[in-house]
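These notes concern the structure reproduced below.
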Amino acid sequence: MLEFRKIITVKKLLFLLGFFGLYFLLVIKPYVVGYDGSWHMEADLAEDVLRQYGRELLPEEFALLQSQRPVYAAGETDKFIARTPEYAARQIHSLKELLQKINGRELTLEEENRLWFQLYEQVSPEAVYADMERLIVFDIWDFYIDSYCEEVMQGNSKYESVSAVAEKRVAERNRAEVYSPCPRNVAEYNFMLLRYFAVFMMLGTCFFVMPYMVSENRSRMPALLCSFQRGRSYYRSRLAAIVAAVLCIAAVVCGLYACCAKQDRVFTFWNCALSGFASGFIGWLPWTLGSYTLYVLLLAVLASLGLSLLVFAVTCHLSSHVNAIASQIPAAICSLVYGGFFLFKAGEIDKPMLAAPVAGIGIFAAGIVAALLQGRWEKRKDVT
C-alpha cells in the first residue's frame, strides 16, 4: 500500500487530469457531440427505429418504416426556384437540386453567388435557412432508406477487394447483422474516441511508472533493503504496486471514455450489431457495438500494462530523470503507433484479423518477461 501511494499521488493525478483537459480540447472534443444538429437527428431516427422494431429491422418491418417516411412539401425557396428561368436553364428545380449542384462543383463561384443572392433578395434569408434545415430531415431519411435497400435488399458492400475468407464472413453478416439499425455517425465517432483514449491510456500509465522508479533509485532505501533477506522481497511489492497503479489509471481513463461515449449515445446502441446497414462497417467477428468497444479497451489495458512493465524494468537501472525520459521515447512511439493505428477499426474485415490482438498480447507478454528477468536480477544482488 505504501508503494502504491508513492505512485498515485495527488500531484500526479492533478497533472493527469490537467493534461487530459488539454488533450480533450485539442484532440477529442470534435468527436464528442454536445449540440443539436444533423448528427443527433440521425441518431434520433435510429433510436426511434430501435424503439419500435428492436435490434433488427427485418424486411417486413422495413416496409412499415417506409410508410412512416415523411413527405417533402415544397417551401417558399423551392417555389421561387421552380418559377425562375435562370435556375431552370441550369437544370435546377428545387433547393435540394441547387445544393447538389453546388456540392458537386457543377457551378462556378460566380454562378453560385448570383443564385444565392437571388434567393436572399427575392425570398428572404430566414425562409432559405428554414428550408435548408427542413431538408436535413429528409436527407437523413433518404440516407437511412437507401442504405437499407443497398445493403439488405441488393447485397452491396463497400468492401470489394477482400479474401475468400472475408467474403464468407460478409455473407454471414448479410444473413443477420446487416439488419441492425446502429447508425453510422455513432459508430464512426466511437471508433475515434477509442483510438484517442487508447493512446492516452498507454501514455498516462507509463507516465506514472517512470518518475516513481527514478525517485526510488535516487534514494538509498532500496539498496539498504537488499541487505536483508526479507527486504529482498521489496521488488515484488514494487511490482504489485505498479500493476495495481496501472489498472487504476486504466479504470480512470475508461471512466473518462464512458462520459464521452454517453454524450455520443454509444450506450443507446450498445447491444446492436455493429455491422449494420446504416453503419456500413463489417467486422471479422459478430460484434455488437458494446462487445467491440470492450474488446478494444481490453487490448488497450493489456498493452498499457505490458508497456508499463517494460518501463518499470528499464527504469530500475536509471536514477536520472533526463535519461529516464529519453529512454521512454520508444514507449511513447509504441503508444502512438499501437493505440493510434493498430486499434483503429481493429476488427474491420479489410484489415488483418489477428494483427491488433497479437500486437497487444505481444506487448503484454514482453512486459511480463521483462519484469520476471528483472526479478531474477534483483535476487542476485550481493548481500553486503
Does Lys12 use its side chain to pair, donor to acceptor, with the backbone of Ile7 at less than 3.5 Å? yes
Decide, yes or no, whether a salt bridge links Lys351 with Glu348 under the criterion of side-chain N to carboxylate O below 4.0 Å. yes
Test your reading of the model: is there a side-chain donor-acceptor pair from Ser275 to the backbone of Gly283, 3.5 Å cut-off? yes
Regarding Lys79 and Glu76, does a basic nitrogen lie under 4.0 Å from an acidic carboxylate oxygen? no
Any side-chain heavy-atom pair of Tyr189 and Val32 under 4.5 Å: no
Would you say the ring centers of Phe15 and Phe207 fall short of 6.0 Å from each other? yes
Would you confirm whether Tyr338, through its side chain, and Ala356, through its main-chain N or O, come within 3.5 Å as a donor-acceptor pair? yes
Which atom of Ser291 lies closest to which atom of Thr288, heavy atoms considered: OG-N, 2.8 Å
If you measure from the Lys or Arg side-chain nitrogens to the Asp or Glu carboxylate oxygens, is any gap between Asp78 and Lys96 under 4.0 Å? no
More than 12 non-hydrogen atoms from neighbouring residues, nucleotides or ligands closer than 6.0 Å to CD on Glu110, yes or no? no
Any heavy-atom pair between the side chains of Asp131 and Leu135 that's under 4.5 Å? no
Flag this pair as yes if the NZ/CZ of Arg184 is under 6.0 angstrom from the six-membered ring centre of Tyr144 and inside a 45 degree cone about the axis; otherwise no. no
Taking all atoms of both residues into account, what is the closest heavy-atom pair of Cys182 and Leu289, and its distance? SG-CD2, 4.3 Å
Between the main-chain N or O of Trp141 and the side-chain N or O of Arg69, is there a donor-acceptor pair closer than 3.5 Å? no
What do the steps show when you test Thr293 against Trp270 for side-chain contact (heavy atoms from CB on, under 4.5 Å), and what is the final call? CA-CA 9 Å; Thr293 298; Trp270 187 259; 4.0 Å; yes
Any heavy-atom pair between the side chains of Leu119 and Ile81 that's under 4.5 Å? yes
Greater than 12 external heavy atoms within 6.0 Å of Glu97's CD: yes
Heavy-atom side-chain proximity of Ile363 to Leu305 below 4.5 angstrom: no
side-chain contact (heavy atoms from CB on, under 4.5 Å) between Leu26 and Leu22, worked out: CA-CA 6 Å; Leu26 296 179; Leu22 182 63; 3.8 Å; yes
How long is the span from the CZ atom in Phe143 to the CG atom in Asn185, to the nearest 0.5 Å? 8.5 Å
Distance-only, no hydrogens or angles: does the Tyr148 side chain make a donor-acceptor pair with backbone N or O of Pro181 under 3.5 Å? no
Separation of Phe208 CZ from Ile242 CD1 (nearest 0.5 Å): 11.0 Å
Quick one: do Trp39 and Ile136 end up in the same hydrophobic cluster if we chain Ile, Leu, Val, Met, Phe, Trp and Tyr together by side-chain heavy atoms under 4.5 Å apart? no
If you apply the rule side-chain contact (heavy atoms from CB on, under 4.5 Å), what do you find for Phe19 with Leu203, and how did you get there? CA-CA 11 Å; Phe19 179 73; Leu203 291 174; 5.5 Å; no
Taking NZ, NE, NH1 and NH2 as the nitrogens, is one of them in Glu42 or Arg265 under 4.0 Å from a carboxylate oxygen of the other? no
Please check this pair: side chain of Ser279 against backbone of Leu274, looking for a donor-acceptor N/O pair closer than 3.5 Å. yes
Can any side-chain N or O of Thr84 pair as donor or acceptor with the backbone N or O of Tyr87 at less than 3.5 Å? no
Quick one: are Trp116 and Val128 in side-chain contact, heavy atoms under 4.5 Å? yes
Rounded to the nearest 0.5 Å, how far apart are CG of Leu50 and CD of Glu56? 11.5 Å
Do Tyr257 and Phe200 make the cut of ring centroids closer than 6.0 angstrom? no
Shared hydrophobic cluster, Leu302 / Val369 (ILVMFWY, side-chain heavy atoms < 4.5 Å): no
Phe269 reachable from Ile140 in the ILVMFWY side-chain graph, under 4.5 Å edges: no
Answer yes or no: is there a side-chain heavy-atom contact under 4.5 Å between Ser163 and Met353? no
Output yes when a side-chain donor or acceptor of Arg195 lies under 3.5 Å from a complementary backbone atom of Gly340, and no otherwise. yes
Ion pair Glu111/Arg90, N-O distance below 4.0 Å: yes
Shortest non-hydrogen contact from Leu309 toward Ala371: CD2-CB, 4.5 Å
Ring-plane angle category for Tyr292 and Tyr295, please: parallel below 30°, perpendicular beyond 60°, tilted otherwise. tilted
Write down the atom of Ala273, the atom of Ser180, and the distance for their closest heavy-atom approach. O-OG, 2.6 Å
For this output row, return yes or no: ring centroids of Phe62 and Phe277 closer than 6.0 angstrom. no
Using a distance-only test with no angle check, is there a side-chain donor-acceptor pair under 3.5 angstrom linking Glu61 and Gln52? no
Just by modelled atom types, is the Val186 backbone N or O under 3.5 Å from a matching donor or acceptor in the Asp264 side chain? no
Before you tell me yes or no, could you show the steps for Ile28 and Phe197 under side-chain contact (heavy atoms from CB on, under 4.5 Å), namely the whole-Å CA-CA distance, both residues' side-chain angles and the distance that decides it to 0.1 Å? CA-CA 8 Å; Ile28 300 177; Phe197 272 98; 3.9 Å; yes
Taking the six-membered ring for Trp, are the ring centroids of Trp287 and Phe281 within less than 6.0 Å of each other? no
If you round to the nearest 0.5 Å, how far is CD1 of Ile333 from CD of Gln328? 11.5 Å
Just how far is it from atom CG of Asp48 to atom CZ of Arg51, taken to the nearest 0.5 Å? 5.0 Å
Is there a path of hydrophobic side-chain contacts, each under 4.5 Å between heavy atoms of I/L/V/M/F/W/Y residues, joining Val178 to Tyr159? no
Sub-4.5 Å side-chain heavy-atom contact between Thr205 and Leu307: no
Kindly work out whether a path of hydrophobic side-chain contacts (I/L/V/M/F/W/Y, heavy atoms less than 4.5 Å apart) joins Ile329 to Val199. yes
Does the structure place the NZ or CZ of Arg134 under 6.0 Å from the centre of the six-membered ring of Tyr129, at an angle of no more than 45° from the ring's axis? no
Between Arg173 and Gly276 (side chain of the first, backbone of the second, donor and acceptor by atom type, cut-off under 3.5 Å), is there such a pair? yes
Before accepting this row, confirm whether a basic side-chain N of the pair Glu112/Arg105 lies closer than 4.0 Å to the acidic partner's carboxylate O. no
Tell me if the CZ atom of Phe341 is crowded by more than 12 foreign heavy atoms within 6.0 Å. no
Between CD1 on residue Ile368 and CD1 on residue Ile361, distance to nearest 0.5 Å: 12.5 Å
Heavy-atom pair with the smallest gap, counting every atom of Gly339 and Met202: N-SD, 4.2 Å
Close side-chain approach of Met192 and Phe344, heavy atoms under 4.5 Å: yes
If you compare all heavy atoms of Gln263 against all heavy atoms of Gly34, which two are closest, and at what distance to 0.1 Å? NE2-CA, 3.6 Å
